[in-house]
Every structure is written in C-alpha cells, then in structure tokens.
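The sequence lines fix the lettering, A, B, ..., with proteins before strands; numbering per chain opens at 1.
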2 protein chains.
Amino acid sequence: MAELTPVMKNFILHWGEMGSSWGINRTAAQIYAMLYLSPEAMTAEEICETLSLARSTVSTGLHELLGWGVIRILHVLGDRRDHYESMHDIWEMFRIILEERKRREVDPTLTMLRENVSEPSGREELDPYVEERLLEMLEFFEIINALYKQFEQMPTETYKKAVRMGDNLTKVMSLIAQN
Amino acid sequence: MAELTPVMKNFILHWGEMGSSWGINRTAAQIYAMLYLSPEAMTAEEICETLSLARSTVSTGLHELLGWGVIRILHVLGDRRDHYESMHDIWEMFRIILEERKRREVDPTLTMLRENVSEPSGREELDPYVEERLLEMLEFFEIINALYKQFEQMPTETYKKAVRMGDNLTKVMSLIAQN
DNA sequence: CGTTTATTTCGGTAAAATCCGAAATATCCG
DNA sequence: CGGATATTTCGGATTTTACCGAAATAAACG
C-alpha cells in the first residue's frame with residue numbers, strides 16, 4: 001500500500017474534493033478513501049507516509065472519521081499501534097452517513113422550529129404569515145424526520161433490495177399516492 | 001419587513017448556520033431564509049438594510065441562490081429594480097435541492113468511477129482488490145443515480161403523498177424486497 | 001446621448017478552516 | 001520506575017473563504 005497507483009491517486013484525490021461538499025474535510029476524506037481501497041487495516045504512521053501528511057493531521061482526520069462511524073479501530077496481537085480499517089459494506093456506510101446527516105441537519109432545525117412556533121420567546125404576537133410559513137416548514141421537516149427514522153430501523157437487506165429495484169419505485173409510489 | 005421580530009431573527013440565523021453544512025454560504029442562506037418569510041418579494045436594497053449586509057454581498061448571495069434555483073426574480077411595473085421572492089412550495093424546493101446535490105455530488109463521482117474502472121489511464125494493470133472495491137462503489141452510485149432520476153420524473157404530488165405516508169414505507173419496502 | 005439608477009465585478013482585508021511541528025500526554029514494556 | 005513508543009493537544013503559519021467598498025458595467029429614462 002506504500003505505493004499508490006494512478007488510479008488510486010485519482011480516486012483518493014477525487015474523494016478529497018467531494019468530501020468538501022459533504023462537510024468532511026479534505027484530508028479526512030482522503031484518508032477514508034485510502035482505507036476503503038486498502039486490503040489491510042493501516043496504522044496512522046503508514047497513512048502519513050502514503051499521503052504525505054503530518055502525523056497530527058492524520059490523528060485528527062481519523063478521529064473525525066471515527067466520529068462519523070465509517071472506520072473502525074483494529075488491534076493486532078503483539079502490536080501496540082492502532083490499526084484502522086474502513087467499513088466494508090458500502091450500504092451500511094450509506095445508512096450511517098444518512099443518520100449522521102439527519103443528526104446534524106434535520107434535528108437542530110426541527111428543534112428550532114418547534115420552539116419558535118409553539119412558544120415564541122417573550123410572548124410576542126406572531127405575524128400570521130410568518131407563522132404559516134414556519135408551520136409549513138415544520139410540517140415538512142417532521143415528515144422528513146419520520147422518513148429518516150423509517151430508514152434507520154429498516155434492516156440493511158431490506159432497503160438494499162428495495163432500492164436496487166428503483167425502476168419500479170415510481171409505480172409503487174404512484175399506487176401509494178392514490179391511497 | 002424592515003423590522004425583524006425575534007422569531008424571524010432566530011429563524012434567519014439558524015438557517016445561516018445550517019447553510020454552512022449544506023454547502024451554501026451563510027449570508028446566502030440568511031437571505032434565503034428572509035425571503036422565505038417575506039410575504040412580498042424584496043429588492044436587493046431592502047435585503048441589505050434588513051440584514052445589514054453590503055450591497056455586493058447581497059448581489060453575490062442572490063446570484064448563488066438563483067443558481068440553486070430556489071429563488072426567482074420578479075419585475076414590478078414602473079419599477080426598474082429586480083424583486084426577489086423565494087420559491088413557495090417547499091416540496092418543489094426539496095426536489096430542486098435534491099437535483100442540485102445529485103449534480104454536484106453524485107454525477108462527478110460517477111464519471112470518475114466509470115473512467116477509472118473501465119479504462120485505467122496508461123493501460124496499467126489494476127490491482128484486483130482495488131478493482132473490486134471500485135466496482136462495488138460504482139454499482140452503488142449507479143443505483144443512487146437511478147433513484148434520483150426516479151424522483152426527478154415523479155410529479156410533485158405523487159412523491160408528496162408517498163412520502164407523507166412514511167409510516168407504511170417500511171412495510172411496502174419489505175414487500176418489494178421479497179420480490 | 002447624457003444622466004440617473006441598478007447591478008456586477010474586482011482588489012483588498014478580515015475571518016475561518018486547514019495543516020504542520022513541537023510539546024504534552026498516555027500506554028506499554030522491561 | 002524509567003525508557004520507549006503511540007497518540008493527542010496546542011500554538012502558530014498557511015491557505016481558503018467570506019465580506020466589504022469602490023470602481024466598472026448595464027439598463028432605463030428624459
């Protein structure tokens with residue numbers, strides 16, 4: 001793994017760029033990408049060398065990825081160092097990222113909307129139009145929230161298969177919608 | 001609209017913060033939030049005053065929002081200035097944001113994966129393990145891509161209703177999955 | 001046209017995020 | 001405990017991004 005082929009470099013660099021629009025910082029995303037391609041778990045030191053990053057940067061990045069829950073620490077007998085490996089099942093990873101996004105994007109907004117709609121601070125009277133818009137958005141977020149929850153509790157295999165046959169999704173949805 | 005109530009301020013500030021994790025910059029997100037709450041379309045000048053932003057910043061922000069397609073320009077008879085209003089239907093907006101995310105996050109990755117898997121640059125031999133991982137990810141992104149497309153072509157009313165009854169989604173999915 | 005008004009572009013500054021290297025801390029072993 | 005190795009924390013430097021104000025451009029009007 002010390003040597004990166006051009007294809008691997010492409011992949012890692014691209015992933016780094018993508019990470020930015022995903023709210024993961026570039027180096028963390030690169031680390032993730034490399035672990036994803038690596039057949040074996042890697043030590044922080046190895047990651048440093050391969051990606052030419054400072055040891056501290058790698059430490060921070062790994063920490064962030066652990067926070068996302070998309071990598072794991074492994075321990076090897078007779079080796080004091082931590083070994084890191086990426087989550088193998090990409091679908092499981094997808095689910096984790098969804099949940100994390102919900103936690104970061106949906107939950108705080110939901111809280112804020114609920115607070116402001118139900119009990120406007122300082123007992124001010126709420127402009128009817130504003131209230132209407134807030135309620136509409138609240139309703140929307142409640143629904144999204146419920147959707148997320150559905151996904152959470154769905155077994156991986158279920159939504160995997162369901163999503164795979166996306167071709168028929170429209171039809172199914174239409175049927176449901178007629179209800 | 002010149003005066004912002006505390007609730008409005010909360011909403012706008014929160015939206016600004018959220019924008020950051022959404023890849024929209026803070027001021028643009030704030031502008032959007034204000035337009036969302038505004039019963040009437042607003043001019044750039046009014047936005048400046050209400051949010052205490054520089055005219056140029058507002059111009060840039062509006063441009064960005066136009067790029068996302070979540071606001072519109074209106075013209076008023078006898079007024080040379082552009083008036084801006086937010087998209088009213090939050091569901092339609094949701095769809096637009098989905099599409100935009102796909103364009104920014106999914107499409108480039110898909111392109112990159114296809115290129116690297118099918119024709120590794122310079123005719124290098126591809127490590128079998130790496131190829132396997134790339135293929136797995138490619139397959140995943142193809143499916144997500146197909147899913148997005150399904151949503152795109154679905155009439156707003158359809159997915160609105162479908163999503164609304166999320167409670168039953170698990171069951172439906174399970175049924176589909178058994179197929 | 002020239003003038004006024006609206007909008008965008010642009011250079012520079014301010015703020016924020018990223019990353020490094022050194023120091024501190026923690027962990028393990030003899 | 002003392003020394004060696006692993007990991008984290010921290011201050012500062014670098015890079016990136018956001019924002020402002022001035023200047024340039026565009027559009028409308030008389």
Side-chain angles (χ1 to χ4, degrees), chain A residues 12-35 40-68 71-85 104-105, chain B residues 12-35 40-68 71-85 104-105:
Chain A
I12 291 169
L13 289 176
H14 176 87
W15 214 243
E17 301 308 321
M18 272 311 106
S20 304
S21 49
W22 272 67
I24 306 176
N25 81 21
R26 197 179 29 202
T27 38
Q30 288 177 356
I31 293 171
Y32 173 77
M34 193 179 50
L35 290 178
E40 276 113 32
M42 296 178 74
T43 65
E45 199 62 42
E46 287 171 326
I47 296 171
C48 291
E49 285 167 22
T50 316
L51 295 182
S52 309
L53 293 172
R55 182 66 188 75
S56 55
T57 306
V58 170
S59 176
T60 310
L62 288 170
H63 198 76
E64 193 177 341
L65 293 171
L66 285 169
W68 275 86
I71 65 171
R72 247 193 306 264
I73 295 181
L74 282 189
H75 285 123
V76 175
L77 281 177
D79 191 340
R80 288 172 50 188
R81 298 168 300 174
D82 291 343
H83 293 242
Y84 299 88
E85 70 170 8
R104 298 185 185 194
E105 300 176 356
Chain B
I12 291 170
L13 290 176
H14 177 87
W15 214 244
E17 301 309 319
M18 272 309 106
S20 304
S21 49
W22 273 65
I24 306 175
N25 81 21
R26 199 179 29 210
T27 40
Q30 288 177 355
I31 293 171
Y32 173 78
M34 191 176 52
L35 290 177
E40 277 111 33
M42 297 178 74
T43 64
E45 198 62 42
E46 288 170 325
I47 296 172
C48 291
E49 286 168 20
T50 316
L51 295 182
S52 309
L53 294 171
R55 183 65 187 74
S56 54
T57 306
V58 171
S59 178
T60 309
L62 288 169
H63 199 75
E64 193 177 340
L65 292 171
L66 285 169
W68 274 85
I71 65 171
R72 249 193 305 265
I73 296 180
L74 283 189
H75 286 123
V76 175
L77 280 177
D79 191 339
R80 289 170 48 186
R81 298 167 301 174
D82 290 343
H83 294 242
Y84 299 88
E85 68 169 10
R104 298 185 184 194
E105 300 177 355

Under 3.5 Å, side-chain donor or acceptor atoms of residues 52-67 of chain B against the rest of the protein: list the pairs with distances, not counting sequence neighbours.
unit_1: B/Thr60; atom_1: OG1; unit_2: B/Ser56; atom_2: O; d: 2.9

Report summary line: Taken to the nearest whole Å, CG/B/Leu65 to P/C/dT8 is 13 Å
Query raised in the report: Rounded to the nearest Å, what distance is computed from the CH2 atom of residue A/Trp22 to the P atom of nucleotide C/dA17?
Result: 21 Å
**Report entry** Pairs satisfying side-chain hydrogen bond (donor to acceptor under 3.5 Å, both in side chains), at least one member in residues 74-84 of chain B, at least two apart
**Finding:** B/His75-B/Asp82, B/Asp79-B/Arg81, B/Asp79-B/His83
Identify each atom pair where a protein N or O and an N or O of nucleotides 2-6 of chain D are less than 3.5 Å apart, giving names and distance.
unit_1: D/dT5; atom_1: O2; unit_2: A/Arg80; atom_2: NH2; d: 2.8

Requested in this report: Remember a base hit wins even if backbone is also touched, and classify B/Ser52 as base, sugar-phosphate or nothing at under 4.0 Å, heavy atoms.
Outcome: sugar-phosphate
Requested in this report: Output yes when a side-chain donor or acceptor of B/Glu46 lies under 3.5 Å from a complementary backbone atom of B/Thr43, and no otherwise.
Outcome: yes
**Report entry** Atom pair distance, as rounded to whole Å: CE in B/Met42 and C1' in C/dT7
**Finding:** 17 Å
Query raised in the report: Do B/Glu105 and A/Trp22 come close enough that some side-chain heavy atom pair is under 4.5 Å?
Result: yes
Query raised in the report: Rounded to the nearest 0.5 Å, how far apart are CG of A/Leu13 and CZ of A/Arg26?
Result: 9.5 Å
Query raised in the report: Does B/Arg104 make a cation-pi contact with B/Trp68 (under 6.0 Å, within 45 degrees of the axis)?
Result: yes
Report summary line: Between CD1 of A/Ile73 and C1' of C/dT27 the distance, given in whole Å, is 14 Å
Query raised in the report: Taking atom OG1 of A/Thr50 and atom CD of A/Glu45, what is their separation to the nearest 0.5 Å?
Result: 10.0 Å
Query raised in the report: Between B/Ser56 and A/Ala44, which is nearer to the 5' end of DNA chain D once each is assigned its nearest nucleotide?
Result: A/Ala44
Query - Distance test, side-chain N/O of B/Ser59 to OP1/OP2 of C/dT8, below 4.0 Å - result: yes
Query raised in the report: Just how far, in rounded Å, is P of D/dT7 from CD of A/Glu64?
Result: 18 Å
All N/O contacts under 3.5 Å from nucleotides 15-19 of chain D to the protein, with atom names and distances to one decimal?
unit_1: D/dC19; atom_1: OP2; unit_2: B/Thr27; atom_2: OG1; d: 2.4

Report task. Nearest 0.5 Å please: distance from the CD1 atom of A/Ile31 over to the CH2 atom of A/Trp15. Result -> 15.0 Å
**Report entry** Distance, rounded to the nearest Å, where B/Ile31 contributes CD1 and C/dT7 contributes P
**Finding:** 13 Å
Query raised in the report: Do the side chains of B/Ile47 and B/Leu35 get nearer than 4.5 Å, heavy atoms only?
Result: yes
Report task. Check side chain to side chain donor-acceptor pair (under 3.5 Å) between A/Glu85 and all other residues, then give those that pass, not counting sequence neighbours. Result -> A/Arg72
**Report entry** Interatomic spacing from CD1 in B/Ile12 to CD in B/Glu17 - rounded to 0.5 Å
**Finding:** 12.5 Å
**Report entry** Difference in axis direction between the ends of the helix from C/dC1-D/dG30 to C/dG30-D/dC1, five pairs, 10°
**Finding:** 20°
